[in-house]
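Since the structure comes first, as structure tokens, the remarks are kept for the end.
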Amino acid sequence: MIRRLALAALLMTGAVPALAQNTPAPAAAEGFAQSDASDPYLWLEEVEGERAMEWVRAHNARSLGVLQGDPRYETLHQQALALVESRDRIPSPGFNRDGTIDNFWQDAEHVRGIWRRTTLDSYRTATPTWETILDFDALSAAEGANWVYKGTTCLSPGERLCLVYLSNGGKDATEAREFDSETRTFVDGGFSLPESKGGAAWVDSDTLLISRDFGEGTLTTSGYPMVVKRLRRGQPVDQAETLFTGQPTDVSVSAYVLRDADGVAKATFINRAINFYEAETWRLNDDGSTTRMPLPLKSNINALVQGKLVFTTDQDWTAPSGQTFQTGDVVAYDLDAWLADPAVQATLVLRPTEREAIEGITATRNRLVVALYENVRGGVYVYDPADWSRTRMDLPQNVSVGLGSASETDDKIFVSVTGYLNPSSLWLTDLSTAAAPEQVKSLPAKFDAEGMTVDQFQARSADGTMVPYFVVHKADMPMDGSNATLLYGYGGFQSSLLPGYSATVGKLWLERGGVYVIANTRGGGEFGPRWHQAAQGPNRQRAHEDFQAVALDLTARNITSQPHLGIMGGSQGGLFMGAMLTQRPDLINGAVIQVPLFDMFRFNKLLAGASWQGEYGNPDIPAERAWIAEYSPYQRLAAGQPYPEVFIHTSTKDDRVHPGHARKAAARLEELGYPVLFYENTDGGHAAGANLRETARRIALEYTYLTRRLMDQPAQE
């Protein structure tokens, strides 16, 4: 989302003394689900099996009956529906080379969305004139399908020919069809790729590089493509020429064409992802052979600007030239010189400090643009590739910033500015001039933030690390532990939780007196790669302890107390919730567990799970299984614990995190005698919403549950 920052009070303080942290977590149940044979709920992993779906339908009926039967549900649902279907949103702009602006838009009339286009001048007005390029609702109706738009890949420099990616019900797997954006029709007899995870890159108008499911032996154990092929126009997919083959244990293999600002191809690279964080970069030579390029395994190519290849390294690295670089550095090579001789000298562009993190890098035609955060507050810096000197963009201070679309034909760029309490805004600047950025879009308030404020505190984790967190609340809230408080966390994959405006959190929670807390734990990227790596693999428990420390700190400050404290998180954040539930249930009175990971002994065998072994470790290796066993929530669920009633939800169509995790968690809790609410959206993908109406229902269910658990006078568990 595009949002605007307004921190009424941004205070960085030390933590007050934490409550006692020596409450022991219950041990894993003896022998439970230690193997497939000892897992009584393995059948729930049959995604659309008859028995499993009967179980889902029964639980949906019960949970919807409870939550939708609450007298407050319908009001919350109507508020959520109005917010998610509102036309009163900033249309996210994307520059085309001809200066026009593209946007993907959803609302009540366009539930699946439309791809549309306007001019820059029109976009800057209050009511732009849009032309529809492709209507996905109309396409779905015409084909009797439930298409969910998953993006486009267009051929530069003309950008007329595009591949449109369509997902059946929101799955990660897509089919791709060639589309003519000028005639606004699918190309008769054009490129057509069957449903698969993977991608494609244009070489020229008659050639693609594709990585797909080509049949037996062409996918990795993670379920992603292992093979890159060259497909020529008119050629059947099964006759495409193989160019590169990875290993079954890789995460994935893909290809891309590196182009300059004029759209001219400068090099073609193949990315071989060995695991989630380490990848080899191979150059595809003109004769079809490949050459491995000497880049750090933990690195990302970010931009090509004025002939300079810019990349970041997430590890300490000694370049072929003998130069040494540190984790988090931004480095540049002269591309032509580097391709000719990889041992040429590199240039250090930026070295973040311990409390800084890079959250985005992009390039206009002549400038490199970096979103740099300090203490989870952002600024935008502009670099001149001639000497790598930099200037700070003149934007509001103490903000969360996001780099939007950057023009390759000139130096215009969109930047979003956001915070927890004020509506979204979008700024446009031309870096070739000295003019200040222009605010081109801003939204009216979606909730009443009068009298609200934002604090930033720190909690001391078990090992002494200070963990920052934000608290959004009414300024006059009583400091007596009575405030209904929702603590949100994620803590993995170097994904940062940055300040941002959420209309639904504001309307359905803050406006009603709730307190919203965001924990910036290790495992995230708030302080760069090292902050993330501190909670990888054998150190995963540190992230859980960070989250627990924030809960303890909230109680120590009398912001809330156990009867009024709930937690929420999804995917990796769902694992976070499971760890809190099984390790410190005494701290909470509710948990919204969204599309979670839960059975960490089997995560690598389900869907894309093998790709995450770089984050968690491999449970099939005894030493790594031992540290995973210390926190895997499914195995650690136990009788006689003060577990509150939890709300777990997932999606049948999720082909990233297997719905079996959520199903088995609910089944095990019920077996042990605990109350649990479970809901499974039988459409939708990993985002758990195939369309806006389903999204609104999910949100209303969550906040109805939280109202019941935290705002009502809850019985002591």
Side-chain angles (χ1 to χ4, degrees), residues 25 27-47 172 197 213 216-226 245-253 272-280 297-298 491-493 523 532-533 535-544 571-572 574-576 578-579 582-583 595-637 650 654-665 667-668 686:
E30 186 69 28
F32 177 76
Q34 301 296 305
S35 65
D36 292 359
S38 61
D39 183 354
Y41 301 111
L42 205 65
W43 56 275
L44 284 171
E45 293 180 6
E46 297 177 22
V47 176
D172 283 357
K197 293 182 180 180
D213 181 355
E216 185 177 356
T218 64
L219 295 180
T220 66
T221 53
S222 298
Y224 293 104
M226 189 176 72
T245 302
Q247 297 296 319
T249 53
D250 294 342
V251 171
S252 66
V253 173
R272 179 196 169 205
I274 301 170
N275 57 47
F276 204 86
Y277 300 105
E278 296 183 322
E280 295 174 350
L297 288 177
K298 294 181 179 179
F493 296 96
H532 164 236
Q533 292 164 11
Q536 270 186 278
N539 298 317
R540 170 58 45 183
Q541 180 62 15
R542 290 178 179 171
H544 303 150
S571 193
Q572 146 62 32
L575 171 61
F576 236 33
T582 54
Q583 295 180 26
V595 291
L597 284 161
F598 225 83
D599 182 355
M600 298 304 288
F601 282 4
R602 282 183 52 76
F603 83 91
N604 61 330
K605 297 178 174 64
L606 301 174
L607 298 176
S611 67
W612 308 323
Q613 291 177 157
E615 181 78 359
Y616 304 116
N618 184 347
D620 298 328
I621 298 174
E624 298 181 15
R625 184 182 180 90
W627 76 58
I628 292 171
E630 292 298 313
Y631 66 80
S632 181
Y634 185 53
Q635 283 74 25
R636 298 191 69 84
L637 289 169
T650 187
D654 191 338
D655 55 350
R656 190 181 313 169
V657 174
H658 197 289
H661 286 280
R663 295 173 179 178
K664 295 198 309 183
R668 176 61 170 165
H686 188 54

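Computation of the quantities below employed the complete heavy-atom set of this structure, encompassing side-chain atoms and omitting hydrogens, waters and symmetry-equivalent molecules.
- At a threshold of 4.5 Å between non-hydrogen side-chain atoms, the residues Leu606 and Asp599 do not count as touching.
- No side-chain heavy atom of Gln541 sits less than 4.5 Å from a side-chain heavy atom of Glu630.
- Side chain of Glu278 to backbone of Leu297: no donor-acceptor contact under 3.5 angstrom is found.
- Considering all non-hydrogen atoms of both residues, Ala535 and Gly523 come closest at CB-N, 3.7 Å.
- Checked by atom type and distance alone, the side chain of Thr220 never pairs as donor or acceptor with a backbone atom of Ser252 at under 3.5 Å.
- Side-chain N or O atoms of Gln536 include one that pairs as donor or acceptor with a backbone N or O of Gly614 at under 3.5 Å.
- The two residues Asn604 and Pro619 make their nearest non-hydrogen contact at OD1-CG, 3.4 Å.
- The backbone N or O of Ala33 lies less than 3.5 Å from a partner atom in the side chain of Gln635, making a donor-acceptor pair.
- One distance of note links CD1 of Ile628 with CG of Asn618; it measures 7.0 Å at 0.5 Å rounding.
- No donor-acceptor distance shorter than 3.5 angstrom exists from the side chain of Ser611 to the backbone of Val251, with no hydrogens or angles considered.
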### Query
Should Thr218 and Asp213 be marked as a side chain to side chain contact (heavy atoms under 4.5 Å, CB included) after you check the CA-CA gap, both sets of side-chain angles, and the distance that decides it?
CA-CA 6 Å; Thr218 64; Asp213 181 355; 3.5 Å; yes
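- Of the possible polar contacts, none joining the Asp172 side chain to the Asp655 backbone as a donor-acceptor pair under 3.5 Å is found.
- At a threshold of 4.0 Å, the pair Asp39-Lys664 counts as salt-bridged, since one of the basic side-chain nitrogens sits closer than that to a carboxylate oxygen.
- At distances below 3.5 Å, at least one donor-acceptor pair connects side-chain atoms of Thr582 with backbone N or O atoms of Gly578.
- Taken from CG in Asp620 to NZ in Lys605, the straight-line distance is 3.5 Å, to the nearest 0.5 Å.
- For the pair Met226 and Thr245, the minimum side-chain heavy-atom distance is below 4.5 Å.
- The nearest pair of heavy atoms linking Trp627 to Tyr616 is NE1-O, 2.9 Å.
- Going from atom OG of Ser632 over to atom CD of Gln34 covers 8.5 Å, rounded to the nearest 0.5 Å.
- Across Pro633 and Leu575, no two heavy atoms sit closer than the pair CD-CD1, 3.5 Å.
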### Message
Is there a side chain to side chain contact (heavy atoms under 4.5 Å, CB included) between Phe276 and Phe493? Walk through the geometry before answering.
### Response
CA-CA 9 Å; Phe276 204 86; Phe493 296 96; 3.3 Å; yes
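- Residues Arg540 and Met600 have side chains not in contact (no heavy-atom distance under 4.5 Å, counting atoms from C-beta outward).
- The residue from His661, His658, Arg668, Arg663 that alone fulfils the side chain to side chain contact (heavy atoms under 4.5 Å, CB included) condition with Phe598 is His661.
- Counting heavy atoms from C-beta on, the side chains of Asn275 and Gln613 never come closer than 4.5 Å.
- Considering all non-hydrogen atoms of both residues, Val657 and Leu597 come closest at CG1-N, 4.1 Å.
- Scanning both residues, Leu44 and Ala667, for their nearest heavy atoms gives CD1-CB, 3.8 Å.
- When side chains are defined from C-beta on, Ser222 does not count as touching Trp612, because their heavy atoms never get closer than 4.5 Å.
- Cation-pi contact between Arg636 and Tyr631: absent, since separation from the ring centre below 6.0 Å together with deviation from the ring axis within 45° is not met.
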